Participant: 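One structure follows; several queries about it will come next.
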There are 2 protein chains.
Amino acid sequence: MQSDHSQRPTLADVARKAGVSGKSVSRVVNGEAYVSAELKAKVDAAIAELGYVPDLAARSLAGARSFTISLLLDTNGQDYVIQLLEGAYEACKLNSYHLRIENLDATASNESLLERLDEVMRHSRLDGFILAPPFSDNTAIMDWLEERQVRFTRVAPCIERERSPCVFVDDAAAAGEIAQYLVSKGHRRIGLVNGSPRHGAAIARRTGFLDKIAEIAPDAELVEATGNFRFEDGIDAGKALLGAGNPPTAIFAANDRSAAGVMNACAQLGISVPDDVSLCGFDDSWLAKLVWPYLTTVRQPVSDLGREAARLLIEKDTGEGAPKQIMLGHSLIERDSVRSLDQ
Amino acid sequence: MQSDHSQRPTLADVARKAGVSGKSVSRVVNGEAYVSAELKAKVDAAIAELGYVPDLAARSLAGARSFTISLLLDTNGQDYVIQLLEGAYEACKLNSYHLRIENLDATASNESLLERLDEVMRHSRLDGFILAPPFSDNTAIMDWLEERQVRFTRVAPCIERERSPCVFVDDAAAAGEIAQYLVSKGHRRIGLVNGSPRHGAAIARRTGFLDKIAEIAPDAELVEATGNFRFEDGIDAGKALLGAGNPPTAIFAANDRSAAGVMNACAQLGISVPDDVSLCGFDDSWLAKLVWPYLTTVRQPVSDLGREAARLLIEKDTGEGAPKQIMLGHSLIERDSVRSLDQ
DNA sequence: CTGAAAGCGCTTACAG
DNA sequence: CTGAAAGCGCTTACAG
């Protein structure tokens with residue numbers, strides 16, 4: 001690859017061809033102020049003619065930027081990982097940035113997580129990190145990054161949102177919409193399969209759901225089951241909820257994966273969805289259409305979350321001081337897993 | 001980050017502390033030959049004391065290596081992407097390499113794919129690429145990389161395996177085992193849901209399956225349906241295969257995803273798996289246990305494929321000239337979607 | 001608004 | 001087996 005690179009035009013080549021100094025070429029390339037239109041035109045022409053592309057390693061060595069950002073995530077059983085990756089990749093590509101991946105184990109101790117981060121930072125330069133859940137709510141990681149003045153943005157944080165630029169969806173409101181939807185369909189005995197207490201989103205969904213029920217149907221009976229966002233949790237919760245006497249007529253599971261688990265429990269128990277029990281998920285992951293019947297759920301624009309998180313990291317702060325918080329919209333996706341009790 | 005980096009110990013610091021030249025430190029760090037044990041010990045001690053880590057950007061700028069490799073994949077609907085990523089990431093981490101992602105659209109023209117690769121290579125230095133399916137069978141990409149003398153390894157290639165180091169599973173043999181298994185359970189009217197003709201693996205699975213049937217049960221009736229590895233294809237194929245008269249008693253779908261589609265078709269048609277029809281998938285993706293009944297399938301060690309592909313890229317060729325081909329084992333995973341006709 | 005010089009932290013020839 | 005010098009291709013102060 002060395003030979004390949006040694007034939008590439010350099011900044012000096014561009015400078016020679018344009019008849020200007022290297023510093024001026026650098027100014028144009030970096031979009032700095034105080035460049036006359038005339039000079040810029042000459043440089044741009046030379047760049048185009050030579051097909052010049054600045055060398056990443058040299059920029060990184062000489063300057064403070066690396067044009068590379070890292071996505072911190074846990075691939076373990078997360079349905080949204082791929083979409084997040086897609087969104088972040090797109091934003092990077094658009095801005096000629098590069099995307100690196102750090103796959104960490106969210107169940108590991110903070111100590112070992114920070115150790116790994118330290119290793120990563122020592123080995124290389126990075127313009128910043130995108131923290132995916134559940135790292136987006138990890139204050140130890142945030143403290144560590146802030147101490148070292150490393151920029152970061154967060155995807156779907158639930159705590160201290162003002163602490164960094166971040167992108168999220170209103171989980172509580174979305175869960176509230178599901179509550180409203182189920183109540184509007186006549187359900188008054190409702191089961192709730194909770195998500196991982198480690199994820200703030202699970203808390204927000206629970207709270208939003210319960211608050212809305214309390215508000216619009218205070219007479220409703222609620223049964224809760226613990227969960228951890230996993231398929232197996234959905235199976236267990238479904239059996240617990242539906243195996244007892246006086247089962248709920250509708251169940252809201254905190255994510256699609258555990259909703260699929262509930263469906264599995266139904267299949268095992270010989271209970272029909274939605275004839276015997278209605279079911280809602282959350283995420284609108286591709287899983288929602290890999291079950292039968294298709295799952296009614298809330299759509300989160302996951303790849304948009306990834307894209308915006310990357311964009312916020314790449315674009316310099318606009319100087320207004322305050323980090324940006326971006327809330328993206330969600331939407332209830334009606335499919336076939338809920339029936340109306342009134343009909 | 002600049003301030004952070006300027007405080008890091010450099011190679012010169014280590015040289016000073018050890019009382020040797022910078023070149024000697026470089027030799028030790030790079031594990032070069034012709035270093036006396038005594039000198040190496042001094043340098044190692046100084047490195048440990050200072051906590052020295054070589055700077056990636058500087059190494060990359062000065063030398064021919066970048067310690068970064070890129071995984072070329074298409075995230076679109078591929079169940080194995082995450083596992084591949086996990087495996088490749090692990091191998092990189094172990095060797096202090098960094099993993100970058102390029103997410104390309106496999107349905108795009110070769111021209112636009114190569115254009116993007118060119119962009120990527122111009123922007124930065126890369127020690128090589130891992131080609132994931134279906135790029136592992138894309139000769140245009142291989143030609144392009146070879147012309148530029150860029151190293152690459154391939155995951156699950158089906159053609160020209162000698163052309164690069166690669167890692168794969170014996171798809172034909174694995175499909176043959178499924179054939180044998182179904183025949184041993186008494187099935188003689190068998191459906192086959194094919195995979196994407198774009199993926200060589202689909203061809204190999206079909207051939208392996210048909211050949212084995214012809215060998216051990218030449219009297220068996222076979223019905224084929226086209227497919228493209230997608231869930232929807234499984235639904236369509238399932239309906240086509242099972243909606244007609246004299247339906248098969250067992251179906252082999254070329255991947256788990258389309259097998260899930262077949263299950264969906266069964267649910268829609270009121271057909272029970274495995275009571276009315278038996279079903280096998282391929283991959284043992286996590287989907288296999290997100291359906292009911294759990295899917296009997298063939299397990300591919302996907303994260304191992306990713307790990308080995310990265311390892312082959314990172315480790316220099318051993319100089320024997322011939323690229324390495326590594327075949328990893330597969331195994332039939334018996335679950336609950338197949339029943340024996342004899343009982 | 002523009003430029004000449006120094007330097008980022010390594011590796012590559014080249015000597016010895 | 002070991003080292004002194006040059007250079008990779010940029011950006012950063014610093015001048016003007």
Side-chain angles (χ1 to χ4, degrees), chain A residues 1-43 46-47 50-68 96 122-125 127, chain B residues 1-43 46-47 50-68 96 122-125 127:
Chain A
M1 237 146 312
Q2 174 73 339
S3 58
D4 219 10
H5 269 268
S6 58
Q7 287 161 19
R8 293 174 54 196
T10 67
L11 183 142
D13 295 330
V14 175
R16 208 170 303 124
K17 167 145 269 168
V20 301
S21 73
K23 176 61 202 169
S24 288
V25 175
S26 179
R27 283 203 179 88
V28 171
V29 167
N30 289 298
E32 285 172 28
Y34 305 119
V35 184
S36 70
E38 190 187 4
L39 188 149
K40 176 167 165 27
K42 277 194 294 188
V43 171
I47 287 176
L50 260 39
Y52 169 70
V53 179
D55 184 88
L56 206 69
R59 290 180 104 172
S60 178
L61 179 58
R65 293 185 294 169
S66 66
F67 301 92
T68 303
S96 294
R122 294 174 82 85
H123 267 279
S124 57
R125 298 155 193 242
D127 284 358
Chain B
M1 238 143 313
Q2 174 73 338
S3 57
D4 219 12
H5 269 268
S6 58
Q7 287 160 21
R8 292 175 55 197
T10 67
L11 182 144
D13 296 329
V14 175
R16 209 170 301 126
K17 166 144 270 167
V20 302
S21 74
K23 177 60 204 167
S24 289
V25 176
S26 179
R27 283 203 180 88
V28 172
V29 166
N30 289 299
E32 285 172 27
Y34 306 120
V35 184
S36 70
E38 190 189 6
L39 188 149
K40 176 166 164 30
K42 277 194 294 188
V43 171
I47 286 177
L50 261 38
Y52 169 71
V53 179
D55 184 88
L56 205 71
R59 290 180 104 172
S60 177
L61 179 57
R65 294 184 294 168
S66 66
F67 301 92
T68 303
S96 293
R122 295 174 82 85
H123 268 279
S124 55
R125 297 153 193 244
D127 283 358

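Here is how names work: the chains are called A, B, and so on, in the same order as the sequence lines, proteins then strands, and each is numbered from 1. Since we're looking at a predicted model, the values are computed, not measured.
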Participant: Distance check needed: D/dT2 C1' versus B/Lys42 NZ, whole Å only.
Facilitator: 10 Å
Participant: Over how many whole Å does the gap from B/Leu11 atom CG to C/dG7 atom P extend?
Facilitator: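 Going from CG in B/Leu11 over to P in C/dG7 covers 18 Å.
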Participant: Please report the shortest heavy-atom distance between B/Arg27 and B/Tyr34, naming the atom on each side.
Facilitator: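 Reported closest heavy-atom pair: CD-O, 4.4 Å.
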Participant: For the side chain of A/Ala64, starting at C-beta, report the closest nucleotide among D/dG7, C/dT2, D/dT12.
Facilitator: D/dT12
Participant: Could you check how far CG of A/Leu61 sits from C1' of C/dC8, rounded to whole Å?
Facilitator: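 So the two atoms are 4 Å apart, to the nearest Å.
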Participant: What distance do B/Leu56 atom CG and B/Arg65 atom CZ have between them, rounded to the nearest 0.5 Å?
Facilitator: 10.5 Å
Participant: Would you kindly give the CG-to-P distance between A/Asn30 and D/dA13, to the nearest whole Å?
Facilitator: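 In whole Å, D/dA13 P and A/Asn30 CG are 14 Å from each other.
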Participant: Between D/dG3, C/dT11, C/dC8, spot the one nearest the side chain of B/Lys23, thanks.
Facilitator: D/dG3
Participant: Rounded to the Å, how far apart are A/Glu32 CD and D/dT11 C1'?
Facilitator: 9 Å
Participant: Can you measure A/Asp55 atom CG to C/dG9 atom C1' for me and round it to whole angstrom units?
Facilitator: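 Between C1' of C/dG9 and CG of A/Asp55: 14 Å.
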Participant: Of the nucleotides C/dC8, D/dC1, D/dG3, which has the atom closest to the B/Arg27 side chain?
Facilitator: D/dG3
Participant: Side chain of B/Thr10 only, please: which of C/dT2, C/dC10, D/dG9 is the nearest?
Facilitator: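 The answer is C/dC10.
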Participant: Under 3.5 Å for both donor-acceptor distances, Watson-Crick or wobble: does C/dA4 have a partner, and if so which one?
Facilitator: none
Participant: Taking B/Ser60's backbone N and O only, do any of them form a donor-acceptor pair with B/Arg125's side chain (distance below 3.5 Å, no angle check)?
Facilitator: yes
Participant: What is the pairing partner of C/dA13, taking Watson-Crick or G-U wobble pairs with both distances under 3.5 Å in any strand?
Facilitator: none
Participant: Regarding A/Val35, tell me which of base, sugar-phosphate or nothing describes its non-hydrogen contacts under 4.0 Å with the strands shown.
Facilitator: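 Answer is sugar-phosphate: A/Val35 comes under 4.0 Å of backbone atoms only.
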Participant: Below the 4.0 Å mark, does D/dT2 have OP1 or OP2 next to a side-chain nitrogen or oxygen of B/Ser24?
Facilitator: no
